[in-house]
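Since the structure comes first, as structure tokens, the remarks are kept for the end.
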Amino acid sequence: MSTLRFNVVETAFAKKVKPVEAPGKASAYFGQKVFNREKMFRYLPEKTYKELMDVIDNNASLSHELADAVASAMKKWALEMGATHYTHWFHPLNEGTAEKHDSFSEPDGKGGVIDKFSGKLLIQQEPDASSFPSGGIRNTFEARGYSAWDPSSPAFIVGDTLCIPTIFIAYTGESLDYKAPLLRALEAVNKAATAVCHYFNEDVKKVQAYLGWEQEYFLVDEGLYAARPDLLLTGRTLMGHESSKNQQLEDHYFGAIPTRVMAFMQELEIESLKLGIPVKTRHNEVAPNQFELAPVFEECNLANDHNLMIMSLMRKVSRRHGFRVLLHEKPFKGINGSGKHNNWSLGTDTGIMLMAPGKTPEENLRFITFVSNVLKAVYRHNALLKASISSATNAHRLGANEAPPAIISSFLGKQISTVLEHLENSDEEDFNLCGKQGLKLDIARIPELLMDNTDRNRTSPFAFTGNRFEFRAVGSSANCASAMLVLNAAVAEQLQLFKTEVDKLIAEGKDKFAAIVEVVSKDVRESKAIHFDGNNYSEAWKKEAVKRGLDCETSVPLIFDAYLSKSSIDMFESTHVMNHKELEARNEVKWETFTKKIQIEARVLGDLAMNHIIPVATRYQTSLIENVYRMRDLFPAEKAAVLSAKNLEIIEDIAQRTIFIKEKVDAMVNARKVANKIENERGKAIAYHDKIFPMLEEIRYHIDKLELIVDNEMWTLPKYRELLFIR
Ligand code: ADP
Ligand code: MG
């Protein structure tokens, strides 16, 4: 190992692993840093508390008096907790979170300061919004957007700051973030699903969407990370030959967690629990240095806030343990990438899980109704759902063999498939058997059938797993809201359509259950193309999917077009989740972000190739040349030629590869110049995808070959075998 590489490793390993002490039982500190219901009850007068619950649970309107009372209680609690600042915490379109801290204290006019926090400051603020992506909705000269309190997600304290979850919207009303449309989608699915529930249960008042995410991530030693400019600047390694040992032995998955990593996990869990995040599962993942963390599922909006909080906690806590966390979907070539499975379901305020079978035929008809509506929604919007999880970074994962392919389909398992087949082929007589006499359609048998849970398919991007659907194509660095708002909105739209059709049949005099079965059967037939229980990684499936008419586009900039198709615009507008203008603006941001990511990678790779790789390779080549000359001094010409033959080959190999790299880097600079002149963001992103991205791979190929040839002493960049094995 070169002296440089050795030094950086030393600094990181020098950090001792300090065992993390838990502050007692989890129940003693869970939610300690959250202004949750329990604290609201304690800090608010009873009447005010009740009013606030009505706002949170039933969307009742929020009066100024109530906001003032809540702000004052929140301030009291925050000051007691040692907070000095507050911030509106929001999710701009650049995939992170944003905050601007203000101090509670203000001059009191008498030479002192006083702590202040009013209802007005709680409800609404105007962050200087001009530097957040807006896709042109907000021109820089009228940079007026505001953040508005989301009472459904509780405020929390990080460090010395009270963080208030907010939505971020333009003064003209368009959303500039992920939370606003997510909340609208959740409201849409609540309304539509509640209406459909009423066919079965009159007393349902509310339907909630649930999300249980599973966050995968890599850890690397901080010292090694610092010596890899590509990791530092792009989040992934742009070069690096595979380590001789990586995941072939499959010895990392569920293996013992290394001590240093365990200390990190423990601290992360303690911090998460204090923030009210119900973390539950931790384990090693398939690739070396890859891990997973999952909480118990929660209401979707809250679960998403918690995921964003965890991602930023991971970044902070990892540094205290001499690590850097990598949330990029594909930090290392040749080994598994990281995803974030989104487990999703719907449940009522009366405690019914709508994606779980029940005990009676009627309960099971309800179950099949919801499952088939989800399938229909996923079928109708499969291109859009793919767009919702697509990004420059996730593109490395989709289609590679460890992740779902860039085709959305749904796995149901043998049991549900059998029921759906029955429905598909059922006839008028079966419908007549509905209602009083029960159903003939195998629906009664579902619970027994589902007992067999071995029926799992890990290759499906959208799999039914017993009581929920698991959307597996979501990327590890993504804001889950992107996928969740599309899924919930699509299901909401479908449930509305379903209800309209069923109501029509009922109005024509059909029995309620017979009408439901009839529409469900028709929907099952119509959405058959989305149902696939086979191996999604196979070549045969790609061909089959084309035949079935599913969206098979693989170019990310073109995948984004799905947001602007007529069916998508109709869906978003009919559910009031987003309008045409917002969709167009968001796509501008998506294309621009795609371009920038590839642009940065191209620059970083160009720099490294020119000022790391070529100089090092040339230095080694020179030492070989020197050796060839010395051989001639030592031995007769003929013998010297024989002895130097291998070195001459290497000298030539290095020469050819460095020439290729230099030429490609120049070509890449020129291709960027051409692409940068393209005015529209879509065209530019397509150019970056088609022209520049492939060059990164071509250059890398030769760099990785050089890594194998050049003297290890001289190679300055930490190698995969060093980055990937935490000691
Ligand atoms: P696996 O790796 O087998 O998929 P995990 O236990 O790692 O399972 O993660 C499953 C996730 O799904 C957890 O977050 C869990 O809380 C969540 N989950 C379980 N049931 C539901 C449900 N009905 N709706 C939404 N999420 C659920
Ligand atoms: Mg899972």
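Whatever order the structure lists them in is the order used to number ligands and atoms, beginning at 1.
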Check: Glu292 heavy atoms, cut-off 4.0 Å: which ligand 1 atoms fall inside?
Finding: 7 (O)

Margin query: Between Arg37 and Asp57, does any side-chain N to carboxylate O distance fall below 4.0 Å?
Written below: yes

Next item on the list: Taking only heavy atoms of Val296 into account, list the atoms of ligand 1 that are under 4.0 Å away from them.
Entry: 16 (O)

Check: Under 4.0 angstrom from ligand 1, any heavy atom of Met355?
Finding: no

Check: Heavy atoms, side chains only, cut-off 4.5 Å: are Val474 and Trp213 in contact?
Finding: no

Checklist line | Atom NZ of Lys542 with >12 non-hydrogen neighbours under 6.0 angstrom | finding: no

Next item on the list: Before signing off on this row, confirm whether Thr281 and ligand 1 have an N or O atom pair separated by under 3.5 Å.
Entry: no

Checklist line | For Pro295, the ligand 1 atoms whose distance to one of its heavy atoms is below 4.0 Å | finding: 13 (C), 14 (O), 16 (O)

Notebook entry, point to check: Per the ring-ring contact (aromatic ring centres under 6.0 Å, His included) rule, which among Phe370, Phe411, Tyr210, Phe464 passes with Phe469?
Noted result: Phe464

Checklist line | Proximal atoms of ligand 1 relative to Gly212 (non-hydrogen, under 4.0 Å) | finding: 14 (O), 26 (N)

Notebook entry, point to check: Any ion pair linking Glu187 and Arg184 (charged N to carboxylate O, less than 4.0 Å)?
Noted result: no

Item checked: Side-chain ion pair, Glu271 and Lys316, N-O less than 4.0 Å -> no

Note to self: Is there a polar contact, in the sense of an N or O pair closer than 3.5 Å, between Glu214 and ligand 1?
What the structure shows: yes

Check: Should the heavy atoms of other residues, nucleotides or ligands under 6.0 Å from CZ of Phe41 be counted, would the total exceed 12?
Finding: no

Note to self: Using a 3.5 Å cut-off on N or O atoms only, is Ala294 in polar contact with ligand 1?
What the structure shows: no

Note to self: Please state which option from Arg468, Arg472, Glu470 has its nearest heavy atom closest to atom 21 (C) of ligand 1.
What the structure shows: Arg468

Check: Hey, is His341 one of the residues with a heavy atom under 4.0 angstrom from ligand 1?
Finding: no

Next item on the list: May I ask you to check whether Met353 has an N/O atom sitting below 3.5 Å from an N/O atom of ligand 1?
Entry: no

Note to self: Under a 4.0 angstrom heavy-atom cut-off, which atoms of ligand 1 come close to Asn467?
What the structure shows: 20 (N), 23 (N)

Next item on the list: State whether the number of non-hydrogen atoms from other residues, nucleotides or ligands found under 6.0 Å of Lys191 atom NZ is greater than 12.
Entry: no

